[in-house]
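Position 1 is the first residue of the sequence, and the numbers go up from there. Counting convention: from 1, in listed order, for ligands and their atoms alike.
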Amino acid sequence: MLGLRSCATLAEAAGILSGDRQAVLVGGGTLVMRDVNEGRLTEGTLLRVTDPAFRQLNASGGRIELGAGVTMAQVLASRDLAFLHPAARAIGGPAVRNMATIGGNLFAETPYGDFTVALLALDAQVVVQAGYGTGRGVPLEEFLAGRERGTLPGLITGVQVSRPANPADFRFRKISRVKPKGIAVMSIAAHLPAQGGRIMQARVAYGAMAPVPVRARGVERALEGKTLDAAAIQAAQQAALEGCRPATDAIASEWYRREVLPVHLGRLLAGEAR
Ligand SMILES: Cc1cc2nc3c(=O)[nH]c(=O)nc-3n(C[C@H](O)[C@H](O)[C@H](O)COP(=O)(O)OP(=O)(O)OC[C@H]3O[C@@H](n4cnc5c(N)ncnc54)[C@H](O)[C@@H]3O)c2cc1C
């Protein structure tokens, strides 16, 4: 049988999640409740967090803190988060965005997880709280590697990112067959900070090109120290597939994903409108 329990504090939820293997946190519930409704989840306790900190958004400064329970609609309502709007707008339709949380997106199985791709390109830290102690920051890339291995982290209380010095340095693109709310063939995010016209410490991430969102390290290397001209974009396209392990699913075949990735990466880097 399934039970439902409300937790007034993050610590209470984290404590229960650590001690009870059958406890399942409900963020917005867009995925969890589908499992319940379709009979895949029939035992255990569904945990709801009512602690206001879970939905708190602190985005006015350079260091941005987003509670894991912040929804895509909340992101879209924040002018301070305008650079993240393309990624938040890429999640489902309005009804889904009203419920879907940032925390839940971190766990969404590929080809979902579009917002997480944006966070990965921004070098986000995930705040993990295991048990009743305080939370600790874990690089998102590390969290995703653990998720792929099947490690359960406990409660994610929030996510932290640094604001890009120039909003134009951050780019996001989701490629889908059905517009505007189709599931991703792939999504690509790039943070391309530049000094004196040369790219320094680029971070590029893909969704739906591996079992979890991954960094495009070959592309990052190809862009390092370069001006973003046609030659640099071509070099990046040549390195685009490094580290990719796309699947064949109902949306696209592995072959198709590999074929079109360099094209879409080139368009994103060239700043072409869709
Ligand atoms: C019609 C439809 C369209 C969709 N379209 C998209 C799309 O375009 N792109 C996309 O990326 N996704 C899409 N999704 C998937 C989903 O809505 C989003 O990924 C969403 O962000 C998941 O968040 P949630 O809060 O609803 O997750 P939930 O369903 O609440 O949780 C999902 C999983 O994460 C765990 N979890 C959630 N929060 C935490 C936390 N803070 N700590 C620990 N564990 C946690 C839950 O226990 C569960 O296992 C779609 C879903 C539907 C139904």
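- Residue contacts with ligand 1 for Val96 involve side-chain atoms from C-beta outward but no N, CA, C or O (heavy atoms, distance under 4.0 Å).
- Side-chain contact between Ile183 and Tyr112 is present, with at least one heavy-atom pair separated by less than 4.5 Å.
- Below 3.5 Å of separation, one finds no N or O of Arg34 facing any N or O of ligand 1.
- In terms of heavy atoms, Ile156 sits closest to Phe54 at O-CE1, 3.6 Å.
- For ligand 1, the atoms closer than 4.0 angstrom to any heavy atom of Gly27 are 25 (O), 30 (O).
- Of all the atoms in ligand 1, the ones that sit under 4.0 Å from a non-hydrogen atom of Gly29 are 24 (P), 25 (O), 26 (O), 28 (P), 29 (O), 30 (O).
- Near Phe54, meaning under 4.0 Å from one of its heavy atoms, ligand 1 places the atoms 41 (N).
- The distance criterion of under 3.5 Å between nitrogen or oxygen atoms is met by Val32 with respect to ligand 1.
- In plain terms, the two heavy atoms of Leu144 and Leu106 that are nearest each other are CD2-O, 4.2 Å.
- One option in Thr110, Leu17, Leu25 has a heavy atom closer to atom 46 (C) of ligand 1 than any other, and that option is Leu25.
- Under the 4.5 Å side-chain heavy-atom criterion for ILVMFWY residues, a single connected hydrophobic cluster contains both Tyr256 and Leu268.
- Residue-environment remark: CZ (Arg258) exceeds the threshold of 12 foreign heavy atoms within 6.0 Å.
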- Query: Should Glu242 and Glu220 be marked as a side-chain contact (heavy atoms from CB on, under 4.5 Å) after you check the CA-CA gap, both sets of side-chain angles, and the distance that decides it?
  - Reply: CA-CA 11 Å; Glu242 187 182 311; Glu220 294 173 1; over 6 Å; no
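- Per-residue contacts place Gly113 under 4.0 angstrom from the following atoms of ligand 1 (heavy atoms of the residue considered): 10 (C), 11 (O).
- Regarding atom 45 (C) of ligand 1, its nearest protein heavy-atom neighbour is Phe107 CE1, 3.4 Å.
- Contact detail for Ala236 and Leu223: the closest heavy-atom pair is CB-CD2, 3.9 Å.
- Against a heavy-atom cut-off of under 4.0 Å, Leu155 is close to the following atoms of ligand 1: 42 (N).
- A salt bridge between Glu109 and Arg34 is absent, with no side-chain N of the basic residue lying under 4.0 Å from a carboxylate O of the acidic one.
- What sits closest to atom 20 (C) of ligand 1 on the protein, heavy atoms only, is Ala100 CB, 3.4 Å.
- The two residues Val185 and Ala208 come nearest to each other via the heavy atoms O-CB, 3.5 Å.
- Considering backbone and side-chain atoms together, Ile183 places no N or O closer than 3.5 Å to any N or O of ligand 1.
- Side-chain contact between Ile251 and Arg257: present, with at least one pair of heavy atoms (C-beta onward) separated by less than 4.5 Å.
- The atoms of ligand 1 that sit less than 4.0 Å from any heavy atom of Gly154 are 43 (C).
- When the heavy atoms of Val26, Asp114, Val24, Val159 are ranked by distance to atom 9 (N) of ligand 1, first place goes to Asp114.
- With ligand atoms numbered from 1 in the order given, ligand 1 contributes 19 (O) to contacts under 4.0 Å with heavy atoms of Ala108.
- Checked by distance only, ligand 1 and Tyr112 stay at 3.5 Å or farther apart across all their nitrogen or oxygen atoms.
- By the 4.5 Å heavy-atom criterion applied to side chains, Val75 and Ile102 are counted as neighbours.
- Residue contact annotation: Met33 has no non-hydrogen atom under 4.0 Å from ligand 1.
- Distance alone, capped at 3.5 Å, is enough to place a donor-acceptor pair between the Lys174 side chain and the Gly182 backbone.
- No side-chain heavy atom of Gln74 sits less than 4.5 Å from a side-chain heavy atom of Leu66.
- Within the listing of ligand 1, atoms 41 (N) sit less than 4.0 angstrom from a heavy atom of Ala68.
- Taking all atoms of both residues into account, the shortest heavy-atom contact from Ala59 to Asp80 is O-CB, 3.2 Å.
- Remark: minimum distance from atom 8 (O) of ligand 1 to any protein heavy atom is reached at Lys174 NZ, 2.8 Å.
- In terms of polar-atom proximity, Ala90 is counted as a contact of ligand 1, with an N or O under 3.5 Å from an N or O of the ligand.
- Surrounding CZ of Arg40 are more than 12 heavy atoms belonging to other residues, nucleotides or ligands, all under 6.0 Å away.
- Here the protein heavy atom with the shortest distance to atom 18 (C) of ligand 1 is Asn105 ND2, 3.7 Å.
- Nearest to atom 17 (O) of ligand 1 among the protein's heavy atoms is Thr30 OG1, 2.6 Å.
- Looking only at protein heavy atoms, the nearest one to atom 21 (O) of ligand 1 is Thr101 O, 3.1 Å.
- At the top of the distance list for atom 37 (C) of ligand 1, counting protein heavy atoms only, stands Gly104 CA, 3.5 Å.
- Protein heavy atom nearest atom 41 (N) of ligand 1, with residue, atom name and distance: Ile156 O, 2.8 Å.
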